[in-house]
Every structure is written in C-alpha cells, then in structure tokens.
Amino acid sequence: MARGRLRIYLGAAPGVGKTYAMLEEGQRLASAGADVVVGFVEPHGRRPTAALAEGLEIISRRAMEYREASFTEMDLDGVLARRPQAALVDELAHTNVPGSRHAKRWQDVEELLDAGIDVVTTLNVQHLESLGDVVRQITGVPQRETLPDEVARRADQIELVDLPPELLRRRMLHGEIYPSDRIDAALTHYFRVGNLTALRELALLWLADRVEEGLQRYRAEHGITTPWETRERIMVALTGGPEGETLIRRSTRISARVPGSELLALHVVPSDGLTHGDPATLAAQRALVESLGGSYHQTTGDDIPEALLQFAEAENVTQIVLGASRRGRLSTFLRGSVGHRTIRRSGPIDVLVITHEHAAGSTSALRLPHPSRATGPRRFWTAMLLAAITLPGLTALLVLLGEHVDLSLALVLYLLAVVVVALVGGLVPALVAALAAGLLADYYFTPPMHSLRVERLADVLALVVYVVTAVIVGMAAGTAARSTYQAVRASSEARALSRLATAMMHGQDLPALLEQVREDFGLEAVSLLERDTGHAAEPRWYAVASTGEDPPERPYDADVDSPVGDDLTLAARGRPLSSDDQRVLGACAAQLGMAYSHGRLAAHDAETGLRAAAEHTRASLLLIASRDLRGPLRTADEALDGVGVGVGTDTRESRNLAIARSSVRRAVQLLSDLDELSRLHAGALDLYLRPVDLDELLTAVLDDLGPGGHTIQCSLPELLPDVIADAAVLTRVLTALAAEAQRHSLPDRPARLTGKTRSGQVEIHMTDGTNDEVQGAERGTHLSRTPDSLTLRMCRDLTETMGGTLETAAVGPGFAVTLTLPAAASRRPITPSAPSPAEDQ
C-alpha cells in the first residue's frame, strides 16, 4: 500500500490562520471530489474557523478520563476504519492524554500515513525540537510539547501561513484569537512585537533551509553543476598564510551587504601533504570564520584552482575571494598565479582578488627566502663548507695535471661538484658553487690563463652553457633535496604523532606518554601543568604528570612552553626547538590534553557509577524498610484506637494517647513521603501539566487535611492567574506543606497561605502564622538545612519536576516556605480538550 502524503501548514505563532488554511484546503479537496474527513480540529472558540468545517464529515472524538477529569482526543481507530482519502488533523505537536495508543499526535499521524491516508495538519515553529532553546530565550517560555524536526522534514509539502506582527496583534485586540479576559496578558507577554518578529524570522529561515535542501536534491538528481544564484554564497580561499584573517574579514563585509548570503572558507590540502599550511594559523582562522557565522571546509587536490572550482560548483558558490599572490614576478611568470588560473576557468562564478600587506610587491624592500629553510641550517652550512673545500681542492688537482686537462674536462668535473653540493645543501649552495666554479674555470683553464678575460668565442659559449647547465642541475637537485627533506620531516612528524596516538589507545598512563614525547624531541624533562583556578590573582600551577630530571613546575621555568588551553600547558626543559618542532610539540600537547581530559572523565564516570550504585542500594533498602514498617505502624494505630475506648476525654491518659496516635500517623505519613520520593527518582511518576485553578485546588487540599485543615487562613488575590502544574501532584505538595505549617503553628496563630504574582510567575507563601510575609533577604535557604527535611525534600523535588521552585524562609524556629510556579496567561475553566501550555502563552 502506498504511503499517504503529509502536508503541513507552518505558522510562527497561534492565531496566524493555520487551522483556517487547513480547513480551506479540506473544502477545496472535497469540492474536487476527494473523500475528506475531519479527524481533529480545535477552533479555539473562533466562529469563522468553526463555520469553515461545516459540510465536512467529522469523526467523533474519543472521550477519556484522566485523574478525575474528562478529555477528548482524536479517534485514531475510527479514522482508520473509515479509510478516507485525506484526513484533517490539527496541532501536530500535541501531547495525547495518558492512556492513548501513542504519546504524541504526530505518531497518530504516522500511523494514518502508513495506512495510505493523506494528512493535512498544522504546526507552530516554536514546537520544533531543534528550536526549543532559541524560542525559550526569545519568549521566556519553555516548550514542553516538541516535535522531532525529522518528522517535519519528511513532509511532502510545507506551506507557511504568515501574518505581520502588527496585524496579528490587531486580530488579538479584536478578539479573533483569544477571549477578552486573556487579551491583555497575551499582548504584554507572548504576543509582544519583538517576540512575534523573532518567531516569524525563525519560521522563514527554517522553511528556507528546507527549500534549499529540496533545490540541492533536485540539482544532484538532474546532474546540474552550474551555479544557480538563488542565494549569494561567498567562498574565501585560505592558504594557511598570515593574509587569511584579512581575507576572512573582507569576505564577511561583502557577505553582510547581501541579506541572506552565506560565507564559506576553503583550504586545499595537497595530496602529498608536504606544503600544508600552518595548523595553528588555520585553527585560528577557522575559529574566526565560525565566530563570524561562516563555515570552514577542507578538500584535497594538487591543482589548487581545479579543487577550488570543483568545491564551488558542488556548493553552488557565486563568488570566490582570493588573496593577491605572495610569489615574486619570476615565480608567477614561470608557474602562473592561482588567481589568474582560477579566473580563466571560473566561468559564471565571480572571482575577487583582494590585496593585502603580505602580497608580493606590497613593500619596497626586497624579500629573499631564508637560505636554510629548505633543508635546515645544518645541511646548508655543511654544503657551503663542502663547496669551500671541494672547489679549491679540485682546482689544485687539475692545475697539477697541467697540459692533460682542457676546459671541457674541467667544466665536467666542476659540474659534478656542483651536483654534490646541491644534493647536500639545496638550491642556494648549488648556485654559489656553480658561479664560483665558472670563475675558477675561466681563470685557470681558459686562455689567456690567470685572467678573467676570454678571447675565443667557443670558450665564451662553453662557460655560458656550463653556468646555465649548472644552475638548472642545481635547481633540480635542490628541489629534489627539499622534497626529500620535507618528506622525511613529514614522515618523522607522522611517526611521532602515530606513536603517541597508539600509546594512548593502549591505555598508557600520562608519565609514559610524557616520556615518549621527551625521547622523540630529545628533551631533558617534560611536565604537564595545570593551573589552580581558585587563585586567580596569582596563578598557581601544579604538575599533573612529569618525567625526566628536574622537570619544570611552572610554565615560565621551562625552555619550551606549549599551551593546551587556558588552564593546561606542556612545559619542557632541554635543547631549543625549531619552529617545526614546536608546531609538532603543540600537536602532541593537544593529544596529551585530550588524554588527560578523557582520564578525568573516566574517573568521574567511575565515581559517578559507584555513587549511583550506592544510591540505588540505599533507595532499595529504604523502600524495603518502609514497606516492612507500614504494617506494624498500621497495627499500632489500630491498637491505640482500641486502647482509647473508655478513656476520658480530658485526662492525662487521653492526652498521651492522642500524642502517640499523632506520632504513629506522622510516621505513616513519612513512609508515604519516602515512597513518593522513590517513585519520583525512579522515573515512575507521570505528569500532565496544564493550567490549574488554585481556588479549586485549595478546596481539595483542605479536605485532605481533615477537620483541622480549615483552621488555615487562605488569602489569594481575586485576579490571581492559573498556574502551570499537575493538579494531583500540586495537591499533594500543598497538603504536605500545610500539614507541616500546622504542626509548627501555635494555637492562637493559625497557619497562613498567601499568593501573589511576580514576573510571570505565581508565588505561594505558606507560614506557621509567626511570619506572615517572607522577606526577600531571608529567602534562598536550602531545604536540606531545615527540620523534617524528608517531607520538604519530597515537596521540593515534586515542585522542580513541574518546573517550579521551593525555597525556605524561616526566621528562628518558625516555618515558612515559598513555592513558585509558572503562571498561565490567565485564568480559564478546564475544557475537554485543553490546548498545550505553549499555546496558552
């Protein structure tokens, strides 16, 4: 059976017209001859919406009882038995009443879709699970009813139902969304212009991302590689050089000028990995890109322009930002610049070349490459010394041979010496040796002898060809030596990092890992230091692990310091390290930091596991003890009732019996509280949060307290709003707190309960009559510091489970607590199908 199709009407807030649009679609389908039924529609008292449902077949709702209240839900079995072509189901993110087949309405919809029934439904953007934290920051209201984003992404059609915030507020003022008694609260809280504007933007952006996903899927299915400029995508190419920060900031400014544009940063890694950019610089540039709202990417390729353009075509990039070349004119002439080659191949993609202070020719000073950078200073100076010894020695030997040596033989031998020097030291020593050998050949072996003047044209050509050949051979040999050196260097670095990673995988401890690092770099001592954050004024460091003789105890005592984070660093003492060695040491330090963090997490997990096991054992023992004690206490209570028969009402014996009976019943109550705590911590307590009328709830509380409960003085404001809570759980909490207040109260000062509203919350103050008002400075004392903490602990945990707080504020021996719960938008009666708390806000 083919799966049904899902159509979602998405809105930014209640009242934009989602249900109305859904019913219009149902009427359109019905007029086209489709078999349409109304599975569930909630008009919220809006007559135009209810009138639009007329003429459509409505599947009767299923009545349910939950905690002595009546509710109605969609009759899923009735819709499945009717088997229409399409069903209209309102409020996709709705939470079903406990006892339903599925916990969420979207699960009911999934079953309808699996049965081949098309579903048209509604959804508010604040109910999407990925946006829950953002919506809470904007509105201050936590969304307890959420929908997994994947459910909405699988929809065949998503249509945005949109209204400007001003028009939506005007509809609210005209009573087209909420009843008149709820308008003022809604306009001043959830329906503020700023809230509605932000929610509207969230809805537009989320839907734009879904449209983008569909477009990319279409382009991939149809093999379309040319960019479609539906959205500006600006890609900045990073080499790992110092100019990257300038390019990123310039690209960000370009992107900011085009609303809705996207910034991407790309670094191309050569396949040999030898000319990879500086990791530290790239990491800093990546952090900068992400902090500015862009995304960082890496790709591999030997032809940099080709790699850039392949990525640009795959990501539908419209502009590429490149930095001006840092190469000199000769290098650019011989090999061409990346910018020129990219521009020639870019096609419809715009390429912007940005100048920067590191570009070639940006300063008047001539910048020469460091002569020892290719092969290292040791090999450079060795090659220079070899040239200084070999060339004079070879010249002396050829001079001694005299007439047996001509110019051609001398040039061949000199060329051999130049090649040897190039293999040892690279390009610069080879060039020096080639020029020196040319001058020696001219002076000693070219007529006229012992003069730099050349008479014959053939000798001039021979010397010129020799110098050119020597330079070319030296360049080739130098390039080969440089590549060999870099390959060996990269292999050594990879081997060191691989050994360290392997040791970490085998579970070696930190001292063993530090010893390996010390041996790899030839250091005397290495320490992993952590800063004591408790001494911010004067930082104090202590060694997490160390190895070697006299390891450094502070970063500034070390010869080499490689920070891992703000509070962790790798300090070493020994020989000075080159910049490449320090870079690799930084990578090793990062791995050691990860090993240390993982070790701490593992130790914390083990400790937590032990605590959890101990807590589980303690809870099990308490539960067993409470069950075993309940029977004897009940027997004792019955025995006390039997002993009291025939005893006078105003005698010492009667007073003692009353005290004993009260103590036994309090023990029974404590055991009940212990059971409630055990159920709560075991996750066996089901909550149904909805607006609760405190006036009605207090009647049940006073009845539960028994005949003495009506001595409590209750004072609630006339316009006190409902609270968001579970009615049964809140009744249990208030009953327990009232009983505690009565127990601490004096005969002439009865317990007192008051309430007030503050910052969108309802505060309920329960005192023993000695402290009628709770002072702000006295609030905030932790419950575990108060007497009878078991009952208060149960009340606190139950309150926090409902999203509220419970604080004590007792003065001296008195008793006073403040219970705070979220306030509903306004007071309203409980209807058979109550909207979700987020809708009420």
Side-chain angles (χ1 to χ4, degrees), residues 326-336 360-361 363-488 578:
R326 286 180 289 160
R327 297 175 180 173
R329 294 182 179 179
L330 179 60
S331 177
T332 302
F333 175 76
L334 294 176
R335 292 185 290 178
T363 60
S364 59
L366 179 63
R367 297 185 178 181
L368 296 177
H370 195 281
S372 63
R373 184 169 296 172
T375 55
R378 180 178 299 179
R379 295 188 61 179
F380 171 80
W381 292 112
T382 300
M384 295 296 289
L385 180 63
L386 179 63
I389 296 174
T390 302
L391 293 180
L394 180 60
T395 303
L397 178 61
L398 294 176
V399 170
L400 289 177
L401 293 177
E403 59 184 11
H404 300 288
V405 177
D406 59 1
L407 180 60
S408 61
L409 178 59
L411 293 178
V412 170
L413 294 176
Y414 281 134
L415 182 60
L416 177 62
V418 170
V419 171
V420 173
V421 171
L423 292 175
V424 174
L427 176 61
V428 176
L431 294 177
V432 173
L435 294 176
L439 294 175
L440 291 172
D442 182 15
Y443 188 82
Y444 287 102
F445 304 105
T446 304
M449 301 298 182
H450 306 294
S451 173
L452 295 178
R453 186 166 53 89
V454 182
E455 295 180 347
R456 295 186 303 175
L457 181 60
D459 293 340
V460 174
L461 292 176
L463 289 173
V464 172
V465 170
Y466 160 75
V467 173
V468 173
T469 304
V471 169
I472 294 175
V473 172
M475 291 176 62
T479 302
R482 182 173 65 253
S483 299
T484 302
Y485 174 78
Q486 290 177 343
V488 172
S578 65

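Shown here for T446 and A441, the closest heavy-atom pair between the two residues is OG1-O, 3.1 Å. Taking each heavy atom of A387 and P392 in turn, the nearest pair found is O-CD, 3.7 Å. Heavy-atom minimum distance, L398 versus F445: CB-CZ, 3.3 Å. Taking each heavy atom of L391 and A417 in turn, the nearest pair found is CD2-CB, 4.1 Å.
In this structure, CG in L439 is found 11.5 Å from OH in Y444, a value given to the nearest 0.5 Å. Between the CG atom of L440 and the CG atom of L435 there is a distance of 11.0 Å, given to the nearest 0.5 Å. With rounding to the nearest 0.5 angstrom, the CG atom of L394 is 13.5 Å from the CD1 atom of I389.
When side chains are defined from C-beta on, T390 does not count as touching V421, because their heavy atoms never get closer than 4.5 Å.
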